[in-house]
Every structure is written in structure tokens, then in C-alpha cells.
2 protein chains.
Amino acid sequence: MTRRIPQARDRGIPDATVARLPLYLRALNGLAERGTPTVSSEDLAAAAGVNSAKLRKDLSHLGSYGTRGVGYDVQYLIYQISRELGLTQDWAVAIVGVGNLGRALANYGGFVSRGFRIAGLLDGDPQVVGDRIAGLTVEHADELETVIKRRGVSIVVIATPASAAQQVCDRVIEAGVTSILNFAPVVLSVPDGVDVRKVDLSIELQILAFHEQRKADGVVM
Amino acid sequence: MTRRIPQARDRGIPDATVARLPLYLRALNGLAERGTPTVSSEDLAAAAGVNSAKLRKDLSHLGSYGTRGVGYDVQYLIYQISRELGLTQDWAVAIVGVGNLGRALANYGGFVSRGFRIAGLLDGDPQVVGDRIAGLTVEHADELETVIKRRGVSIVVIATPASAAQQVCDRVIEAGVTSILNFAPVVLSVPDGVDVRKVDLSIELQILAFHEQRKADGVVM
DNA sequence: CTTTGTGAAACTCTTCACAGCG
DNA sequence: CGCTGTGAAGAGTTTCACAAAG
């Protein structure tokens with residue numbers, strides 16, 4: 001799936017670990033806000049909702065940042081995880097498709113706060129073009145390539161209807177983008193070397209329905 | 001994490017398989033719309049974006065629904081997967097928090113089409129209460145317990161700000177709900193027997209940033 | 001001859017349990 | 001003495017490769 005680059009500085013962090021680092025970061029930021037200076041693996045694991053052995057193993061992939069008998073320095077660990085995730089640099093993100101979901105994303109504080117800067121909002125509907133959202137003016141989708149190139153966009157969020165998603169995808173890849181977050185309920189086909197992550201709102205509900213049905217069938221309730 | 005109920009009719013479908021069934025269902029519905037009568041594991045796997053051996057193993061957990069030398073009957077497989085996921089029954093869903101995200105969810109066709117019926121939209125902000133969205137009137141969050149009980153809500157979607165999420169969660173569990181889909185960026189603490197699935201919009205971006213950074217560092221580009 | 005269904009092998013991820021550091 | 005970091009064991013998942021079915 002993801003291209004592995006066997007490289008000197010690639011310490012080969014497992015995908016499962018990478019997926020949890022943002023969780024740890026969020027928990028650590030909560031602790032930092034409350035002024036906590038250090039935290040044990042036990043407490044941090046509880047705050048992030050994982051098992052403490054898993055947390056220690058995850059962190060061990062980044063380096064030896066804890067102190068035995070004490071725990072982890074909150075600020076230092078925030079820095080190390082941020083650096084590992086690439087959040088110490090500034091990523092320009094464009095959101096294509098400014099319906100309710102696109103608006104929700106544009107207004108979502110979690111993006112801007114962590115290394116991401118929304119550099120463009122685009123939509124194909126002339127009715128929407130010109131609207132001001134989260135301090136930006138919505139531009140026409142025709143401008144996609146221009147916006148990507150002029151503003152150094154490296155990550156594109158696709159929040160269009162399913163029917164437009166593949167076409168938008170092809171265009172942004174052609175413009176040089178290799179990281180895409182897709183909210184449209186379609187499987188995007190992309191060449192090697194392009195990363196696509198997808199979020200499908202209805203899939204999660206379907207998984208819940210499966211478990212809910214099992215609860216109703218089972219004896220243990 | 002998820003409670004296992006070792007039960008006669010629990011054929012113990014692996015979690016990884018359950019998570020992919022909605023994907024297959026979506027691909028199958030696409031084929032059905034185009035009138036395709038049967039499909040091979042190879043073709044269906046390609047449409048769903050997975051490896052064909054994995055697809056066959058996944059489907060084998062549900063039963064022997066294919067025909068060797070031919071493939072799978074599209075309509076029949078749609079029915080079997082729907083039944084397994086519990087989508088042949090009607091699930092009443094309430095959405096708490098009617099900001100942009102809540103509105104996006106309420107208007108999202110994918111929910112209504114597949115066994116889910118939005119039975120309530122609730123918000124704590126009096127400014128929003130009374131708005132009509134997707135054919136429903138937004139009710140005050142004070143009505144939460146009443147709505148859940150009167151309308152038989154079994155799944156609740158939390159789309160509130162982080163600060164309100166745990167409180168809403170506690171209340172819906174108290175009212176008898178055991179399946180929660182959480183969009184707020186907090187780890188909800190819940191008793192045993194309650195299923196929580198979470199979608200964090202910013203975590204996916206952070207994972208992309210990690211890979212994007214690796215591409216920039218690596219030699220292979 | 002095509003395509004499913006599946007043991008077995010390979011791989012990944014999680015958890016245990018404790019040596020060893022501070 | 002408390003807590004990290006980690007080998008080793010265990011659980012879960014993916015992929016291979018092929019026998020058996022149609």
C-alpha cells in the first residue's frame with residue numbers, strides 16, 4: 001500500500017504506530033495545557049485510550065525519550081512526536097468541494113492548530129464560488145492547478161460528491177500532489193507513489209450496526 | 001476492545017473482515033446499478049481496492065456464496081452481506097451537535113440509503129434549535145433522553161465540540177444506548193459493553209503528513 | 001478450463017513479563 | 001524502588017498456492 005523507502009534515516013516505524021502518534025500528541029497537549037511536566041506510560045496510555053505496553057513500544061520506535069523511574073517529559077515528547085509526524089513544518093492544504101463537509105473541515109480548529117494551513121477552498125458550483133469561509137474566499141475548481149502550484153499545496157482534501165472525486169484526483173496528481181485525503185465514497189485509482197487515505201462516514205455506522213445486531217442476538221447483554 | 005460474545009450463532013467474523021464488508025457492499029451496489037449479474041472475486045476485489053485472496057477469505061467467513069468457475073451472484077451477495085451487517089433492519093440514529101459536521105452527516109445520502117434512519121437532530125444552542133435540516137427539526141439537547149426512548153434510537157452520533165462530548169456520551173449511555181459514533185476529538189470513557197467508534201478528521205491528515213515528509217527525505221521520489 | 005474456498009506459510013501487531021537503568 | 005525499554009510469546013491478518021467444484 002504505502003511505498004516503503006529503505007533509507008538510512010528510515011527507522012521503519014510500523015504503520016500501526018504512526019496511526020497512534022496523533023492520539024498521543026492530543027493527549028500530551030491536554031496534559032501540557034494543565035501544566036503537567038512529566039507523565040508515566042501508564043497515565044499517558046490511559047489518556048490516549050491504549051494499553052501501556054503498546055504505548056512504550058510505540059515510543060521506543062522514535063527513540064529513547066523516557067527516564068526510568070520517572071516517565072516522559074511532556075514538552076519534549078510533544079516536540080519529538082511532532083517532528084516525527086512532520087508537524088514542525090507548515091503544510092499547505094487545499095480543500096476541494098465546499099458543501100457542508102468541506103465547510104466543517106475548513107472551520108475545524110484541529111487542522112490549523114497542528115502544522116496545517118488551509119491554502120485554498122475550491123468548488124465547481126458558481127453559486128458557492130466567492131463565499132467567504134474561515135477567512136478564505138472560495139475559488140472556482142478551474143483554478144485547481146494554479147492554486148496548487150502557486151501556493152505550494154502538498155496535501156489535497158477531496159470533499160466533493162462521489163461523481164466528481166476521481167476527476168479531481170487525476171487533476172491534482174497531474175499537478176504534482178502525492179497525498180490525498182478522500183471523503184468521497186469511491187475507491188480512487190492512483191499511480192504508485194501517491195498516498196490516499198479515506199474516511200467514509202457511512203462505513204463506521206455499518207460496523208456499529210454489525211456489533212449492535214450481535215448484541216441483540218447474543219445471550220450476554 | 002469490542003466485546004466478544006462466544007455464542008452459537010457467532011461464527012466469529014474477524015474485525016478486519018467486518019471493516020471491509022461495507023466496502024464490498026458499496027462496490028456491489030455499483031455493479032448492481034449497471035445491471036451486472038455476476039462478478040468474479042478478481043473483479044470485485046479490484047472494484048473495492050483489495051487483493052482477491054483477501055476478498056475470498058472474507059466472504060468465506062459468511063458462507064459459501066460463490067460458484068466455482070463463475071463467480072458471485074451480485075444481488076444474492078448484496079443480500080447476504082446486508083443481512084450480516086444488520087442492514088436489513090432499520091436503525092434509528094440520533095445526531096447530537098448540529099454544526100457544519102452534523103449538517104453534513106444529516107444530509108449525507110449514504111446513511112439513509114442503507115438501513116439507517118435519522119430519528120433526531122439535537123443541539124444545545126437555542127439559535128440552532130428549530131432549524132429544519134434534511135426534513136427534520138432540530139430539537140434542544142435537553143430532549144435527548146426523551147428522543148432516544150420514544151423513537152427507539154439505538155445508535156448516537158456525537159458531532160459536538162470536544163468539551164461537550166463526554167457529557168453527551170454519559171447521558172446517552174444512561175438512556176440505554178450502546179453504540180456511539182464519535183467525531184469529537186476526545187477519548188470517550190465508557191463502561192464495558194458499549195461500542196464506540198471514532199472518526200478524527202485531523203488524525204488522517206497527520207498520517208498523510210508523516211508519509212509526505214518521508215517522501216521528501218527519501219531518495220526514491 | 002475457470003474460479004472458488006482454504007490449509008499452510010509469512011507477516012504484522014499486541015501483550016506479557018522482566019532485566020536493567022536512573 | 002519505580003518505570004522504561006525490549007526480547008519473546010501470542011494473537012490476528014494477509015498472502016500464497018492449489019485441490020476441488022462447476
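Below, chains carry the letters A, B, ... as their sequence lines are ordered, and counting in each starts from 1.
Put simply, B:Ser40 has no side-chain N or O that comes within less than 4.0 Å of OP1 or OP2 on C:dT3. For C:dT3, neither phosphate oxygen OP1 nor OP2 lies less than 4.0 angstrom from any side-chain nitrogen or oxygen of B:Tyr65.
Here D:dT13 is the nucleotide among D:dC3, D:dT13, C:dC13 with the atom lying nearest to any side-chain atom of B:Pro14. For B:Arg56, counting side-chain heavy atoms from C-beta on, the closest listed nucleotide (D:dT14, C:dA17, C:dT4) is C:dT4. Taking every side-chain heavy atom of B:Lys54 into account, D:dT14 is the closest of D:dA8, D:dG22, D:dT14. Considering only the side chain of A:Ser60, D:dT6 comes nearest among C:dT4, C:dG5, D:dT6. Among the nucleotides C:dA17, C:dG22, C:dT14, the one closest to the side chain of A:Ala53 is C:dA17.
Taking every heavy atom of both residues into account, B:Ile13 and B:Val18 meet most closely at CG2-CG2, 3.7 Å. Nearest heavy-atom pair across B:Cys169 and B:Ser189 is SG-O, 4.4 Å.
To the nearest 0.5 Å, atoms NZ (B:Lys57) and OG1 (B:Thr17) are separated by 9.5 Å.
In this structure, the side chains of A:Tyr79 and A:Glu84 stay at 4.5 Å or more apart for every pair of heavy atoms.
Along DNA chain D, the nucleotide nearest to B:Arg68 and the one nearest to B:Asn51 differ in position, and the one closer to the 5' end is contacted by B:Asn51.
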